[in-house]
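Hydrogens, waters and symmetry mates play no part in the numbers below; they use all other heavy atoms, side chains included. Letters go in sequence order (proteins before strands), and every chain restarts at 1.
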Amino acid sequence: MKFAIALFAPPHAPSSRRALRFAEAVLAGGHEINRLFFYQDGVHNASGGIVTPQDETDLAAQWRAFVERHELDAVVCIAAALRRGVLDTQEAQRYGRAAVAVTPPWELSGLGQLHEAAQQADRLVCFGGV
Amino acid sequence: MKFAIALFAPPHAPSSRRALRFAEAVLAGGHEINRLFFYQDGVHNASGGIVTPQDETDLAAQWRAFVERHELDAVVCIAAALRRGVLDTQEAQRYGRAAVAVTPPWELSGLGQLHEAAQQADRLVCFGGV
Amino acid sequence: MAKSMLIVSRHSPWSGLGAREALDIALAGGAFELPIGLLFLDDGVFQLLPGQRPAAVEQKDLAANLQALPLFGVEDLYVCRQSLRLRGLDGQPLALPATALEGPELADLFDRYDLVITL
Amino acid sequence: MAKSMLIVSRHSPWSGLGAREALDIALAGGAFELPIGLLFLDDGVFQLLPGQRPAAVEQKDLAANLQALPLFGVEDLYVCRQSLRLRGLDGQPLALPATALEGPELADLFDRYDLVITL
Amino acid sequence: MTTLHLLSQSPFTSPLDSILRPLGVRDGLLLCGDACHALQPGSAPLELLEHLPASIAIHALEEDLQARNLTAPERVQVVDYPDFVELCTRYDKVNGWL
Amino acid sequence: MTTLHLLSQSPFTSPLDSILRPLGVRDGLLLCGDACHALQPGSAPLELLEHLPASIAIHALEEDLQARNLTAPERVQVVDYPDFVELCTRYDKVNGWL
């Protein structure tokens, strides 16, 4: 089956880790992930600025490694990201900000990408809250 | 009276605006603010990366302007900030990150600064949640 | 054929971005001409109250966006009657024509849609 | 004389940073030799349950930090009995020697401290 | 030592019970944000508030009432930010229920 | 169209009522995170769950039970992540209650 996975909570929420372990199990089970979509505080998972204490699980780093390893389509909602200071090079330039937090393979885009992924997938699974 | 004010919620939470309007009223009433302390998701208020839609109140910018205008002591909890990707130049260098979100007058420091402020103030007022 | 999506909005209008970010999903879906339903549940029902003045807390008017729903083709609006009742709002006029549902009608609503997102 | 601070911890141990960040305020206060009290309220009482295995959800052991409280001079630990009762935990052994309070005893506790922080 | 308790969560999402439990008879309440919905006529939270001892002063932040089109009952004093600051000085300490 | 409902909030902080209201008789529940505390023996949430129609399957994520030192009653099936994925394929859609 084809899964679209959405995450609405930041990397320090247990639901971020749960979404990642779920996504890993989806691929391990022979299924496909057509898109990861990060919305609301979930946009922080794409931030390259997060520094996790060495003896704790670094979810932001694990998400990046997961996306890179499997060459997944990983979209961060641009409107949600701007409000939360999670900018890529282009947006940082556009708004004259120094802080570039998002680099490829993450991509900033609109909510249409969430709908498109949900339409094309067999299942949409959303993670958030705690 | 001397007020220590702590904020635990991000700029898009109503409690951020409430804390700022309260802080303004403290000064307008002839009182003093001995320190502002930003903890938990409140550290995002110090982020220079936040881009607010033009027709909405830009709390991050308003906090910065308020701190600068009144030359306040504004401390961001360093441990909470690192976990959330809100780094100053020094921490970004230390951990090899590109994203510098915090610049003076904001200062990253430890929780001791919260206790010190609370000890020296006549009132500690904490804002958070929604 | 496009899949239908039910969006469940549980946040009050002035408690942060929850209500607005749920609405944005509905509007984006409408813009793509997808069949979208919107259910106001729990504190989400406060979004439907008339006479609100968001300017008092320096917020943009969410009501304007809600009124835009039909223009985006989002006309299937529902509200949980039990949520209204618990808040002392049952029978009060609402700012939008939302169908009040309760009990098994809610389960039927969920049943009808292909997709559901709760925010 | 240093002011005393009551820290009210309302978050369960594995639901995010709430419990840890409340505890960090207590430990920092202890390190500065301030008189600190810690009250476990609502879901915060789950922090006191023995036999937890945080490694199962890849979390650091919060219990270790809780056990460190006396070393930091934080010995005034309290738990809300009504919170325990609602969760079916009243009378169960706790991992830390916290004094169970209810009703007016809670008001007295708040009354005794110079400062209070709820997280 | 009296406490001014700040409430901002919706009473329908975060029940008031555990917040009212530690309330002392000389303490005060300040409702702001969604906590103002506790003043909704005919709701259970309003019932709870109305049964608090008369010695406990209840306040509500004006802007939050206006935003929500709510009217405060007689028992509740409507305050603005200068009043909020003044209230903080009148009580010995302030507790923000997040 | 059956729905698998994911619950992760503590039932003591976010009451189960409004979540259980839209539950269809062929739907399923998956408790994860703090929602697993609903299985605490002697608690009101467990009572609620036990009164759901038998046709509604209840599952709980193993790692969250272990972390919290909880045991699932017979009525509840303990699952791991591969099972979680399989459950998602078995129901027509998945709803995450945030």
Side-chain angles (χ1 to χ4, degrees), chain D residues 1-12 15-22 25 29 34-46 76 78-87 89-90 98-119, chain E residues 1-36 38 44-45 47-61 64 84-98:
Chain D
M1 210 181 74
K3 293 179 193 166
S4 59
M5 178 187 276
L6 178 67
I7 296 159
V8 183
S9 184
R10 299 178 78 195
H11 290 278
S12 67
S15 65
L17 295 171
R20 180 168 300 274
E21 292 186 330
I25 296 182
L34 299 171
I36 301 284
L38 189 50
L39 168 66
F40 299 91
L41 184 72
D42 296 332
D43 281 348
V45 303
F46 288 127
D76 298 333
Y78 306 94
V79 57
C80 170
R81 172 159 282 153
Q82 178 67 1
S83 300
L84 288 172
R85 195 178 292 132
L86 282 171
R87 288 160 185 79
L89 300 171
D90 198 19
T99 308
L101 303 176
E102 63 188 320
E105 295 170 331
L106 280 171
D108 288 347
L109 181 72
F110 272 69
D111 193 52
R112 278 209 304 280
Y113 282 85
D114 298 309
L115 299 163
V116 57
I117 289 189
T118 301
L119 281 174
Chain E
M1 302 250 316
T2 58
T3 306
L4 175 67
H5 295 269
L6 306 183
L7 270 64
S8 62
Q9 302 268 10
S10 162
F12 304 102
T13 308
S14 303
L16 287 174
D17 320 38
S18 58
I19 286 166
L20 300 182
R21 236 175 279 148
L23 220 63
V25 287
R26 296 177 305 146
D27 285 356
L29 277 184
L30 172 52
L31 308 176
C32 45
D34 273 356
C36 292
E47 181 104 342
L48 259 178
L49 291 182
E50 280 175 340
H51 281 84
L52 288 177
S55 58
I56 294 176
I58 308 178
H59 308 84
L61 201 56
D64 286 312
F84 184 175
V85 173
E86 198 271 324
L87 276 178
C88 292
T89 67
R90 207 190 302 165
Y91 291 86
D92 296 317
K93 59 180 177 287
V94 182
N95 179 35
W97 291 94
L98 304 192

If contact means a heavy atom pair closer than 4.5 Å, which residues of residues 13-25 of chain E contact chain D? E:Ser18, E:Ile19, E:Arg21, E:Pro22, E:Leu23, E:Gly24
Does any backbone or side-chain atom of D:Leu86 lie under 4.5 Å from a heavy atom of chain E? Answer side chain, backbone, both or neither. side chain
Using the side chain to side chain contact (heavy atoms under 4.5 Å, CB included) definition, which of the options D:Val116, D:Leu115, D:Asp114 pairs with E:Lys93? D:Val116
For the residue pair D:Asp111 and E:Arg26, establish whether any side-chain heavy-atom pair is separated by less than 4.5 Å. yes
Should the pair E:His5 and D:Phe110 be assigned to parallel (<30°), tilted (30 to 60°) or perpendicular (>60°) ring geometry? tilted
